[in-house]
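Comments concern the structure below.
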Amino acid sequence: MNLTTKIPLEVLGLKTYYFTNRGLLKAVDGVTFEVKPRETLGLAGESGCGKSTTALSIMRLVPAPGRIVEGKILVNGGDIVKKSEPEMREIRWGRIAMVFQEAMSALNPVFKIEDQIAEAIIYKEKVTKAEALGRARTLLESVGIGISRGKDYPHEFSGGMRQRAMIAMALACNPEILILDEPSTALDVMVNAQILDLIKNIQRKLDISILMITHDLSIIAEECDRVAIMYAGKIVELANVLPLFDHALHPYTMALTKAFPSIKGPKTRLEDIPGSPPHLINPPTGCAFHPRCPYARELCRSEMLELVEVKENHHVACHLADKFT
């Protein structure tokens, strides 16, 4: 089969645990999803639900004391969980790249922006420094940064410009898959819109697949084709964006959508979700959302349901899904 016909990214039964002094923290606990060619899949949920650990697992960058304990991560059909670190260094940035949440932390403060981008190109493609710098400047121009600004240091850039520089660096080696972890964090509304437009234009031009991680459902609604809702280390609902926003089937997704302005018009009152996500060292039995769920039954407290397709292309993990269909 031609590689271009394969699913760019498949995550199958992924479990990533942190082995801490306080106990076993199941940050990602049996997650399965795929990102199709030229698709943008959103991964949404509150902080602490396992979204960023999922991204770090895909990049094979989970910090100690965490590690992948089970599952597969297929990049164009090949399982990268089994790859050695030298093999992963060839895959990172060349096949799959990531724009990290804090651009200032991800950029090296003592190197010029263009040099940091050129360094990645030199490492991957063994080109001359002059060639790499030329590519770096072209990349900076493509994300709206003037060539002369490439000689600046990260602290001389605004938050929006640092985010653009990180996107340029992620694209330096022509990846097939781009992971964006909270791409609009700490940006004002206008800059946020510019960054999202830039990402959309880049995807259209380069035909790449995107995994977009965010807690902001308005970004999901505007930028994504499908969305996976994550809670307590598990995906609880997975569907195309508009059907999910129109008719969510998991109580957690319902609560999330009520906490954000409606995508169909003004909402007079937004509703908070009572309580907070559970600590993943000692999560509740059964469905982890049941302590916060107004519909919870005894079965919800004792048995966690796996993700199942209840409508066409609409998967949910809830004992009460039939009630909401």
Side-chain angles (χ1 to χ4, degrees), residues 3-4 6-11 14 31 33-44 51-61 73-78 80 88-103 105-107 113 116-117 120-121 123-125 135-136 138-145 160-185 187 192-216 219-220 222-228 230 241:
L3 284 179
T4 59
K6 291 185 177 180
I7 300 297
L9 176 64
E10 294 177 88
V11 177
L14 178 66
V31 163
F33 63 86
E34 64 182 17
V35 184
K36 300 173 183 177
R38 296 174 295 281
E39 176 185 49
T40 299
L41 175 71
L43 187 59
K51 305 185 303 297
S52 292
T53 297
T54 299
L56 291 172
S57 299
I58 294 169
M59 294 295 293
R60 289 277 308 277
L61 292 173
I73 301 170
L74 307 181
V75 176
N76 274 332
I80 64 172
M88 277 308 302
R89 284 197 290 268
E90 295 302 314
I91 292 170
R92 290 189 201 108
W93 311 115
R95 301 279 293 281
I96 184 166
M98 182 170 173
V99 177
F100 294 89
Q101 186 169 345
E102 295 294 339
S105 300
L107 293 166
I113 293 292
Q116 296 189 51
I117 298 173
I121 297 171
Y123 175 79
K124 283 291 181 186
E125 303 186 16
R135 288 254 304 273
T138 299
L139 283 163
L140 288 172
E141 277 194 304
S142 74
V143 298
I145 298 176
M161 289 181 69
R162 287 195 290 268
Q163 195 73 306
R164 289 172 183 267
M166 280 298 302
I167 293 170
M169 187 179 296
L171 297 173
C173 299
N174 302 310
E176 302 156 30
I177 304 157
L178 182 63
I179 300 175
L180 300 162
D181 190 5
E182 300 286 3
S184 59
T185 297
L187 301 179
N192 179 20
Q194 292 169 7
I195 294 296
L196 294 175
D197 283 344
L198 171 64
I199 292 166
K200 188 180 295 183
N201 290 333
I202 286 171
Q203 182 180 36
R204 190 180 300 119
K205 181 179 179 180
L206 301 181
D207 281 341
I208 59 177
S209 300
I210 292 177
L211 175 62
M212 184 175 292
I213 296 169
T214 181
H215 65 277
D216 190 336
I219 292 177
I220 295 288
E222 192 167 330
E223 304 295 328
C224 298
D225 302 297
R226 292 187 302 135
V227 56
M230 197 165 184
V241 165

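Keep in mind the model is a prediction, meaning the values are calculated, not measured. Any value given below was found using the heavy atoms of this structure, including those in side chains, with hydrogens, waters and symmetry copies removed. This chain uses plain numbering: 1 for the first residue, then up along the sequence.
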### Task
Quick one: pull up CG in Leu43 and CD1 in Ile213 and give me the separation to the nearest 0.5 Å.
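One finds 5.5 Å between CG of Leu43 and CD1 of Ile213.
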### Message
What's the separation between atom CG in Leu180 and atom CD1 in Ile167, rounded to the nearest 0.5 Å?
### Response
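Going from the CG atom of Leu180 to the CD1 atom of Ile167 covers 6.5 Å.
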### Message
Which residue is it: Ile220, Thr40, Leu41, Val35? I am looking for the one with a side chain to side chain contact (heavy atoms under 4.5 Å, CB included) to Arg226.
### Response
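When side chain to side chain contact (heavy atoms under 4.5 Å, CB included) is applied between Arg226 and each of Ile220, Thr40, Leu41, Val35, only Leu41 qualifies.
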### Query
Hey, which of Leu107, Leu139, Ile113 is the one that makes side chain to side chain contact (heavy atoms under 4.5 Å, CB included) with Met169?
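With Met169 as partner, Leu107, Leu139, Ile113 yield a single side chain to side chain contact (heavy atoms under 4.5 Å, CB included), made by Leu107.
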Please tell me if the side chains of [X] and [Y] come closer than 4.5 Å, counting only heavy atoms from C-beta onward.
X: Val99; Y: Leu178; value: yes
X: Met230; Y: Thr54; value: yes
X: Glu34; Y: Glu39; value: no
X: Asn201; Y: Arg204; value: yes
X: Arg95; Y: Ile177; value: no
X: Leu74; Y: Ile7; value: no
X: Ile121; Y: Trp93; value: no
X: Ile96; Y: Pro175; value: no

Would the distance check show the side chain of [X] and the main-chain N or O of [Y] forming a donor-acceptor pair, the cut-off being under 3.5 Å?
X: Glu182; Y: His215; value: yes
X: Ser209; Y: Lys36; value: yes
X: Glu125; Y: Cys173; value: no

### Query
Just wondering, are more than 12 heavy atoms of other shown residues or ligands nearer than 6.0 Å to CD in Glu90?
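Atom CD in Glu90 is crowded, with more than 12 foreign heavy atoms closer than 6.0 Å.
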### Query
Which pair of non-hydrogen atoms, one from Arg60 and one from Arg92, has the smallest distance, and what is that distance?
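In this case the closest contact between Arg60 and Arg92 is O-NH2, 2.9 Å.
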